[in-house]
Amino acid sequence: MIKLNEKFLAPFVSKEEISSYEAKVSGAHEKIINKTGEGSDFLGWYTLPSDYNKDEFERIKKAAEKIRKSCGVFVVIGIGGSYLGARAAIEYVKSSNYNLLSKDTPNIYFAGNSISASALNETLELCKDKDVCVNVISKSGTTTEPAVAFRVFKEFLEEKYGKNGAKERIFVTTDKARGALKSMADKEGYETFVIPDDIGGRYSVLTPCGLLPIAVAGIDIDEIMAGASLAAKEFSVCDLEENDAYRYAVIRNILYSKGRKTEIMACYEPSYQYMSEWWKQLYGESEGKDGKGIFPASVVYSTDLHSLGQIIQQGERTIFETVIDIENPKNKLFVPFDEENADGLNFLAGKDVNDANKKAFLATVLAHSDGNVPNIIIEAESRSEKCYGYMVYFFELACAVSGYILGVNPFNQPGVEAYKKNMFALLGKPGEENEKRKAELEARLS
């Protein structure tokens, strides 16, 4: 499903350097399987592919079928891990143009991932004269972005269908027992799905957070879990010669120790763009703390070769690339023959466009390697559901190991709270502490 190709790393990372990390990897492995490391309360993702709640899984499939039959638009409200994994799956398995191409499944729009009045109004406009269902995803129900969006869409549905009608169109993914959203769901009678206590947001795509929207798109979630289960089995061995997830974690740490502070994830299919967005949150929140961390960035080639290619090729040598090579693209398209050959490209006539894309990939890897940019290649078998599930688990496991090697807690995100405290104070949230903070912040801003 996923294979690490180290062919272009030889000038930058030696076999001896990788082997020197065996003790650190063994330590990280033990922390995960024995739950002895920092953040061990959030390791539920590690065994999730085999021990997920089967009854709730079936409820997800039934709810998805109900949504597909009853609405033309499905609005997913959430931020960060509450939406990125689902959007990534839909675009990777289906298409980045899913909403334009979908026929038997609803259009799916994502809201609550910003505080933009324009974005919310535009999504509301797309919902006019359509039958609409909503899935709000939040552990607490008090995160500003999704909470504001849910207020707006709750009002929209109740005005359109009445309170009882709206109740049948609102699906809640939240904590199993507590929180504002859980209390509201119980009071209003919304169908509810559980975010497990031991799985943090950025590791939650294989929970109801991601699986309900993914299933609504007509994607086979059984196959996704099968792929993740296969990955969990294959990456369970603590052997750097056999475990590509562990090798990836080690290689990125070796490069980081040599001053490569930025990792650029590159892909050659637009459908992978949101996989990169999901990956950026996973690694950015997991590693960026205690003054440490590799900065995760992303590009879509060959598009970005015409914008960022110059700085990658010849800019400051503080970056490395992780390139996703999808070996079996979904579609073929052959270059036509042109009698006049004005563009001089008849030498490509009759060839599959995928072949040109592959050559662009190889040409770029060679050029960037020659330009002193380390390239890690991750070969993905296809854009299937099974490959998606396998890839998710690969990156989650590699992230946890990489964080422990780096010496940080891969499962917390204390820095994220800083902006929230300031925002609540500036917005005038009641409370003595907020009032004091507001005065201090306004003095700084004046």
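Basis for what follows: all heavy atoms, side chains included, without hydrogens, waters or symmetry-related copies.
Distance alone, capped at 3.5 Å, is enough to place a donor-acceptor pair between the S369 side chain and the V365 backbone.
By the ring-ring contact (aromatic ring centres under 6.0 Å, His included) test, F320 is found to be paired with no residue, residues two or more places apart in sequence or in another chain being considered. By the salt bridge (Lys or Arg N to Asp or Glu O under 4.0 Å) test, E6 is found to be paired with R247, residues two or more places apart in sequence or in another chain being considered. The ring-ring contact (aromatic ring centres under 6.0 Å, His included) test applied to Y83 returns F110, not counting sequence neighbours. With sequence neighbours left out, the side-chain contact (heavy atoms from CB on, under 4.5 Å) criterion links I319 to T262, I264, I312, V373. In this structure, F150 has no ring-ring contact (aromatic ring centres under 6.0 Å, His included) partners at least two apart in sequence or on a different chain. Partners of E145 by side-chain contact (heavy atoms from CB on, under 4.5 Å), not counting sequence neighbours, listed by chain and number: I79, I115, T143, Y419. Partners of Y268 under the ring-ring contact (aromatic ring centres under 6.0 Å, His included) rule, at least two apart in sequence or in another chain, are Y301, F361. Applying the side-chain contact (heavy atoms from CB on, under 4.5 Å) criterion to S116, with sequence neighbours excluded, gives S114, S118, A119. Looking at residues two or more places apart in sequence or on another chain, you find a side-chain contact (heavy atoms from CB on, under 4.5 Å) between C399 and Y203, L282, Y283, S286.
We find that R87 and E91 are joined by a salt bridge, their nearest charged nitrogen and carboxylate oxygen being less than 4.0 Å apart. For the pair K62 and E58, the salt-bridge criterion is not met [side-chain N within less than 4.0 Å of a carboxylate O]. Salt bridge annotation for E56-K176: absent, with no cationic side-chain nitrogen under 4.0 angstrom from a carboxylate oxygen. Between D355 and K359, no side-chain nitrogen of the basic residue sits less than 4.0 Å from a carboxylate oxygen of the acidic one, so the salt-bridge criterion is not met. Note on K139 versus D175: salt bridge recorded, some NZ/NE/NH1/NH2 to OD/OE distance being below 4.0 Å.
With E191 as the fixed residue, the side-chain hydrogen bond (donor to acceptor under 3.5 Å, both in side chains) test singles out one of R59, K66, R169: R59. In summary, of the residues considered (E287, E285, E396), a salt bridge (Lys or Arg N to Asp or Glu O under 4.0 Å) with R202 occurs for E285 alone.
Aromatic rings from F235 and F394 are positioned such that their centres are separated by under 6.0 Å. Residues H29 and Y404 keep their aromatic ring centres 6.0 Å or farther apart.
Between atom CZ of residue F8 and atom CG of residue D370 there is a gap of 9.5 Å, rounded to the nearest 0.5 Å. Here CG of D198 is found 11.0 Å from CZ of F411. Values are rounded to the nearest 0.5 Å. Rounding to the nearest 0.5 angstrom, the gap separating the OG1 atom in T174 from the NZ atom in K182 is 8.0 Å. Note that the CG atom of L255 and the CD atom of E321 stand 11.5 Å from one another [nearest 0.5 Å]. In this structure, CD1 on I195 lies 6.5 Å from OG on S138, to the nearest 0.5 angstrom. Going from atom CD of E16 over to atom OG of S14 covers 4.5 Å, rounded to the nearest 0.5 Å.
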For residues 208-230, which side-chain donor-acceptor pairs fall under 3.5 Å, sequence neighbours excluded?
unit_1 : atom_1 : unit_2 : atom_2 : d
D220   : OD1    : D222   : N      : 3.0
D220   : OD1    : E223   : N      : 3.2
D222   : OD2    : K61    : NZ     : 2.8

Can you give me every donor-acceptor pair (side chain of residues 41-48, partner residue at least two apart or in another chain, under 3.5 Å) with its distance?
unit_1 : atom_1 : unit_2 : atom_2 : d
W45    : NE1    : F42    : O      : 3.2
T47    : OG1    : D51    : OD2    : 2.8

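A heavy-atom distance below 4.5 Å is not found between the side chains of I77 and I137. The closest side-chain heavy-atom distance from V25 to C238 is below 4.5 Å.
The side-chain hydrogen bond (donor to acceptor under 3.5 Å, both in side chains) analysis of residues 290-299, with sequence neighbours excluded, yields the pairs K280-S298.
The minimum heavy-atom distance linking I326 with E269 is given by the pair CD1-CG, 4.0 Å.
Within 6.0 Å of atom NZ in K69, 12 or fewer heavy atoms from other residues, nucleotides or ligands are found, so the atom counts as exposed in its surroundings.
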